[in-house]
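Order of the sequence lines fixes the chain letters, A, B, ..., with proteins taken first and strands second; residue numbering starts at 1 for each chain.
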Amino acid sequence: MTIELFIQYCFAGLTYGSIYAIVAIGFNIIYNTTGIINFAQGEFVMLGGMISISLLPLMPMPLAIALAVVITMAVGALIEIIFIRWLKNPSVLRMIIITIGLSILIRETAVHIWGEGIRALPYFIGNQVTAISVFGARISPQVLVVIGVCGLMVVALGLFFKTTSVGRQMRACSANRTAAVLCGINTRNMVTFSFVLSAGIGALAGCVMSPITYSEYDIGTGLAIKGFTVAIIGGLGNAGSAVIAGLLLGLIEAFSVSVVPLAFQDAIAIAILLVILFVRPHGLFGSSEAAGLKEF
Amino acid sequence: MKRFVSKAVLAATAASLMLVPAAMAGTIKVGAILAVTGGASFLGGPEARTLEMLVEEINAKGGINGDKVEMIIKDSGASPEKAISFAKQLIEEEKVLAIIGPSTSGETMKIKDISEAGKTPLLSCAAAEVIVNPVASYVFKTPQNDSLAVKKIFMEMNRLGITKIAVLAGNTGFGQAGKGQLLKIAPEFGIEVIETEVYDKKATDLSAVVAKIRANKDVQAVVNWSVVPAQSIVIKNIRQAGWDVPLFQSHGFGNIKYVELAGAAAEGVIFPAGRLLIADTLSADHPQAALLKSYVSNYESKYNETASTFGGHAYDAFTILVKAVETAGNDRDKVRAAVENLQGFAGTGGVFNFSATDHNGLDIDAFEMMTVKDGKFVAYTGK
């Protein structure tokens, strides 16, 4: 394998990996505060892309993206308030089924609003053929935008959870919900907030990846499966490990192309997921003790 | 005498009774099974809209031989199960004269036997060659055969001196069928397929696989065979990598949306397609010129969206049916025979010449090589 080809595969892998990682982070935030997997996470990504594309004719792109993120966050809040907040001691299974229902609901609503056509945001820098040369490999600047935004998001989230009061309250919620209530933290608000946050992250991801992957009403499902795989591989609940697992899976997928036909790419991801579930059900970087304390 | 009178009265009454149905304008019931929603809506949507437009036009003109056309459009959502139950319903309950559609090859294959058993002509808008090969007496199709598109591409490769190619195909029925044809026909033209890859219809980025086939220095051209949007990602990734290899697409690229999605990367892509895409630049004496121009302008002014070759397949199916009914009347068997004997009918897909052994009726001239220039389809004139 030439060095060029190696770098080309690396960047392809980092592109997939960053996208998976961002979706996985969304899963983790909601998992931390509620203990459930929100299967509508992929739909937040779809909404971000589609809303920003619809807003684009009316305003400059940065504003359209910002507004799309805000609208999606509002949708996230609305969903939590209408469908989850009022439940009294809901079982984990019930909440998971609710999120699956929600993902279908959002998808069908999206078909009615946008139709089945495929759209895309324009490239942020240059156009479809612009490329930067890195050691002989050629990379689209948009790939660097995706990787950069993913990196920034991880750092910002880290700071948010460590330094702000709301971030600390959310962490308290995830560590021990009962104790958090006893300390006077409004756990219900924290759950709403976690939906808002993960909707925002998903929407931003949906915007930056749109020029590369295109946006369509049903891209959410595929992304949710990959993001879920990554979240499990990394160990549920940890944003940092999700990023590492995401990049790892992306790189494995990219390099797998050189040995097996492309058609097996998804099978590889699912095979890895199964192996992890059998061998290390708490994930590569998760602790088995912490996982043992969780309900799910 | 008295007996004679009563007999005459009886005869006159009988005659008048027989005359009544003929004097009253009848209706011709036609069914359509189209994927108006679902994954193949880019096919079924334009097809259904085309049929609605044509029925409106023909009824405004007084129908066929004075009979109004009643079109019953069923939305199968590209599901073969739904197509089967709609086919049975249309044939047995609605007793339609003929069925137009389905939009996809998979659905058509499922209802092929049903229309055969129900002795109801089926005019499919789907492309796969297996629909009409082997021939089923009641089953016809209007889109051009895959093998003709493949041959058209290989002829151009021979002209350019290309002998070693890579094939990338989408994992849909259309992609798989095309890949099979490419591999089968390549030796006839002295072409060797040295790389093949299949990509998912939901693929998000294909730069890794592009890097892989590019690493094979023997590849002189790439054929990207697909009808789904992911084909634009392939084009983009190839050009992004700075690889200016000749890039061939299938007739499934004949939707301006895919050009828009690939943007600057789509420039110079070569593909075979029906002449509908270049209707505005066709010379006036071409047999298809007049009807293509009127179809495209009528469709676009009515629905405010770009006409596609897919809607054209429904146009052809309906117009062929109308021609057959004009000569054969409202009778399933006679209509079937009339379609089979139809010669020299210029439709959107080409000039149709049906026969007992050819239920598609199109030859290789139905395709024209095209390319993309400044974001528009134009006739390909060679390098």
Side-chain angles (χ1 to χ4, degrees), chain A residues 1-2 4-13 15-16 19-20 111 115-120 122-123 126-133 136-143 146 209 211-214 216 218-219 221-223 225-226 250-251 253-259 261-266, chain B residues 35-45 77-78 168-171 176 195-217 228-230 232-244 255 257-267 305:
Chain A
M1 191 182 286
T2 62
E4 271 173 59
L5 193 56
F6 180 80
I7 294 170
Q8 200 80 57
Y9 281 145
C10 276
F11 271 95
T15 317
Y16 310 147
I19 293 169
Y20 301 160
V111 184
E116 316 218 2
I118 194 156
R119 298 137 192 260
Y123 276 69
N127 63 11
Q128 286 87 346
V129 290
T130 315
I132 302 167
S133 192
R138 287 166 59 95
I139 317 297
S140 166
Q142 193 66 30
V143 167
V146 171
M209 63 187 252
I212 300 179
T213 63
Y214 304 142
E216 202 181 350
D218 66 348
I219 53 163
T221 325
L223 287 172
I225 291 171
K226 284 292 168 64
L251 288 170
E253 281 193 5
F255 279 96
S256 74
V257 169
S258 66
V259 274
L262 178 69
F264 291 97
Q265 207 177 45
D266 287 341
Chain B
V36 183
T37 60
S41 62
F42 61 95
L43 304 170
L168 277 163
N171 69 343
Q176 298 287 11
E195 294 276 346
T196 46
E197 288 285 352
V198 174
Y199 54 86
D200 192 73
K201 62 172 180 287
K202 290 278 165 226
T204 49
D205 182 272
L206 294 161
S207 50
V209 76
V210 165
K212 181 189 177 186
I213 55 169
R214 194 192 178 186
N216 188 337
K217 297 288 176 209
V228 289
S232 297
I233 295 180
V234 175
I235 302 172
K236 227 168 50 172
N237 289 155
I238 286 181
R239 297 304 185 215
Q240 230 156 39
W243 193 19
D244 58 351
N255 184 334
K257 268 264 164 233
Y258 298 153
V259 175
E260 284 162 13
L261 287 171
E267 294 292 306
E305 66 173 18

- Message: Between A:Gln8 (side chain only) and B:Ala211 (backbone N and O only), is there a donor and an acceptor less than 3.5 Å apart?
- Response: no

- Message: Less than 4.5 Å to any heavy atom of chain A: does that hold for the side chain of B:Lys212, its backbone, both, or neither?
- Response: both

- Task: Could you tell me whether the side chain of B:Arg239 and the main chain of A:Val129 form a donor-acceptor pair under 3.5 Å?
- Result: no

- Counting only N and O atoms by type, is there a donor-acceptor contact under 3.5 Å from the side chain of B:Gln240 to the main-chain atoms of A:Gln128? yes

- Query: Which region of A:Ser256, side chain (C-beta onward) or backbone (N, CA, C, O), has a non-hydrogen atom less than 4.5 Å from a non-hydrogen atom of chain B, or is it both or neither?
  - Reply: neither

- Message: In the structure I gave you, are the side-chain heavy atoms of B:Thr204 and A:Ile219 within less than 4.5 Å of one another anywhere?
- Response: no

- Item | A:Ile212 versus chain B, the contacting section by heavy-atom distance below 4.5 Å | both

- Max heavy-atom pairs within cutoff under 4.5 Å with chain A, candidates B:Leu206, B:Ile233, B:Val210, goes to B:Ile233

- Message: Given heavy-atom pairs under 4.5 angstrom as the criterion, report whether the side chain, backbone, both or neither of A:Pro122 touches chain B.
- Response: neither

- Task: Pick one of side chain, backbone, both or neither for B:Thr37, based on which atoms fall under 4.5 Å of a heavy atom in chain A.
- Result: both

- Go through A:Asp266, A:Leu5, A:Val257, A:Thr221 and name the one with the most non-hydrogen pairs under 4.5 angstrom from chain B. A:Val257

- Of the backbone (N, CA, C, O) and the side chain (C-beta and beyond), which part of B:Lys257 lies under 4.5 Å from a heavy atom of chain A, both, or neither? side chain

- Message: Quick check on A:Phe255 against chain B: is it the side chain, the backbone, both or neither that has a heavy atom closer than 4.5 Å?
- Response: neither

- Taking only residues two or more places apart in sequence or in another chain, which ones pass side chain to side chain donor-acceptor pair (under 3.5 Å) with B:Asp205? B:Ser207

- Task: Determine the option with the most heavy-atom pairs under 4.5 angstrom with chain A, choosing from B:Ala215, B:Gly242, B:Ala230.
- Result: B:Gly242

- Message: Please give me the minimum heavy-atom distance between A:Asn127 and B:Ala264, naming the atom from each residue.
- Response: ND2-CB, 3.5 Å

- Query: At a heavy-atom separation under 4.5 Å, does A:Glu253 approach chain B through its side chain, its backbone, both, or neither?
  - Reply: neither

- Under a 4.5 Å heavy-atom cutoff, which of A:Thr213, A:Thr130, A:Val111, A:Thr2 has the most pairs with chain B? A:Thr213

- Query: Would you say B:Lys202's side chain and A:Gly222's backbone share a donor-acceptor pair under 3.5 angstrom?
  - Reply: no

- Tell me, side chain or backbone of B:Glu260 under 4.5 Å from chain A's heavy atoms, or both, or neither? backbone

- Item | Region of B:Phe42 in contact with chain A, defined by heavy-atom distances below 4.5 Å | neither

- Note on the structure: In terms of heavy-atom contacts, B:Val198 and A:Leu262 come closest through O-CD2, 3.4 Å

- Message: At a heavy-atom distance under 4.5 Å, which candidate from B:Leu168, B:Val209, B:Ile235 has the highest pair count against chain A?
- Response: B:Val209

- In short, B:Ala208 meets A:Tyr16 closest at the heavy-atom pair CB-OH, 3.7 Å

- Task: Give a yes or no answer on whether the side chain of A:Tyr214 reaches the backbone of B:Leu261 with a donor-acceptor pair at less than 3.5 Å.
- Result: yes

